[in-house]
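Take a look at the structure below.
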Protein chains: 2
Amino acid sequence: MTSRAEILTAARRLIDRDGWEKLTIRRLAAELGIGATTLYHHIRDKEDLLVQLLEHHISRLQRPQLPRDPRDRIVAAATAMHDALADWPWAAEVLTTDGFVGLLDESALWMVEAIVAGADDHGCTPEQSVHVFRSIWYYTVGEILVRAHTARRLTDEKLPVFRDSFDASQVPHLAAVSKRWRALAVRDTYAEGLRAFVDGLLARAASATSDGVG
Amino acid sequence: MTSRAEILTAARRLIDRDGWEKLTIRRLAAELGIGATTLYHHIRDKEDLLVQLLEHHISRLQRPQLPRDPRDRIVAAATAMHDALADWPWAAEVLTTDGFVGLLDESALWMVEAIVAGADDHGCTPEQSVHVFRSIWYYTVGEILVRAHTARRLTDEKLPVFRDSFDASQVPHLAAVSKRWRALAVRDTYAEGLRAFVDGLLARAASATSDGVG
DNA sequence: ACCTGAACACCGTTCAAGT
DNA sequence: ACCTGAACACCGTTCAAGT
């Protein structure tokens, strides 16, 4: 008899040991010592497994104390969301869907709620608040996916990482930074970009509202 | 004898007819009327095929007239980048790597150049300009991937699209917008978010520079 | 109920052999 | 040179059959 808990634990073990790419139905079944086909009595399909795994991961996250200031609260919640997913880049792939919010249970929704609430409290209309959340979500998911894929590319022995010379007559500004690009691209600037984005989103929302637009 | 041009044309035909998921080495070979193994005399591997396909796609894009104002130029170039990839969401998956710039030839680099140049002209330091580009890139790639996956989820008959009721005691702000969320999430707000982001990035860069920080 | 092997319909890629 | 079938090492999923 195989339980839900056993399956999720084995899946985590498999990911931690062999990497996310190696989590397949067949390998997971082998890890559990059962036939691949037996697994289908406990999960609907592979996506169902991934959603359950993600839900389990997020549910054990401790909820941080959020700042009172709406802007800071948005930043803090977005950062928590980012950090939760940064360790689990495959989760970001699962979540690349606007409907992801509907897939998660309440234990994960507080992050979405905090961002929408922060925008509301700052004076955004409901439309604007949803827009604030979606924009931040796009930025966050993009950052995680790009960084995860880059890390894989750098650790793989596949060589063509980055051409670091450019035709100065065609792309002068790129040519000027080309030698430093690699070092700069490796820096973690998520938080910096996030703050800039939140500033811009809230400023635009405020001016749109005062203009009577929106 | 099979030429590079024939292969790329057949690949495009396959994607247009059957969808991006159906582009496999074996199907492409069949489309060309050759053995799967023969294809490996013309391409290094599947990734090589995808990069060539993407390069070909971007190279036939017409380069728009870019505004003189640095801020507007950044927005215009980012929008061009977005539009070029929005039609080809699979390309965004190929490009989810910080090193992607090094994979592309000069025919595609003008978009990157225009953004970096716009930031430079606005008074950003090289560090800040690279940061501006990377931030915009994360947002753009995130938006494209989320929307592409959402579209697939909506057209698929797989039902669990979005739970549109929330526990008002747990997530009151989400509960308040839940009925309108779906309609709002479907709206194309890329340009709106982009403008807010560029505003925020340039404002932060300016204040960091005047503070002597950065 | 719970589990199974065999099978279906695929993948990307390699290799030794053919013309 | 250019192309090939067969094979390797996999996938997710279904189905009829077993205990």
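Throughout, a chain's letter reflects where its sequence line sits, starting with A, and its residues are numbered from 1. Source: prediction; values computed, not measured.
In DNA chain C, the stems built from three or more successive Watson-Crick or G-U pairs (distances below 3.5 Å) are C:4-8 with D:12-16, C:12-16 with D:4-8.
Tested against A:Tyr139, the residues B:Phe197, B:Trp137, B:Tyr139 include a single ring-ring contact (aromatic ring centres under 6.0 Å, His included) partner, B:Phe197.
Checked for salt-bridge contact, B:Glu31 and B:Arg17 meet the test: a charged N lies under 4.0 Å from a carboxylate O.
Taking only side-chain nitrogens and oxygens, B:His42 comes nearer than 4.0 Å to OP1 or OP2 of D:dC3.
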Which atoms of nucleotides 11-15 of chain D (N or O only) lie under 3.5 Å from a protein N or O atom, and what are those distances?
unit_1, atom_1, unit_2, atom_2, d
D:dC11, OP1, A:Thr24, OG1, 3.3
D:dC11, N4, A:Arg26, NH1, 3.4
D:dG12, OP1, A:Ile25, N, 3.3
D:dG12, OP1, A:Lys46, NZ, 3.1
D:dG12, OP2, A:Ile25, N, 3.1
D:dG12, N7, A:Arg26, NH1, 2.5
D:dG12, O6, A:Arg26, NH1, 2.8
D:dT13, OP2, A:Tyr40, OH, 2.8
D:dT13, OP2, A:Lys46, N, 3.1
D:dT13, O5', A:Tyr40, OH, 3.3
D:dT14, O4, A:Thr37, OG1, 3.1
D:dC15, N4, A:Thr37, OG1, 2.7

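Taking atom C1' in both C:dA16 and D:dC2, the straight-line distance is 15 Å, to the nearest Å. Only the P atoms considered, D:dC10 is 23 Å distant from C:dA9, to the nearest whole Å.
Minimum interatomic distance between A:Arg27 and A:Thr24 (heavy atoms only, all atoms of both residues): N-OG1, 3.1 Å. When all heavy atoms are compared, the tightest approach of B:Leu184 to A:Arg134 is O-NH1, 3.0 Å. Residues B:Gln52 and B:Arg4 share a closest heavy-atom pair of OE1-NH1, 2.7 Å. Heavy-atom minimum distance, A:Arg187 versus A:Arg147: O-NH1, 3.3 Å. In this structure, B:Pro64 and B:Ala80 approach most closely via the heavy-atom pair CG-CB, 4.3 Å.
On a pure distance criterion of 3.5 Å, no polar donor-acceptor pair joins the side chain of A:His41 and the base of C:dC2.
Between the side chains of A:Tyr190 and A:Thr79, not a single donor N or O lies within less than 3.5 Å of an accepting N or O.
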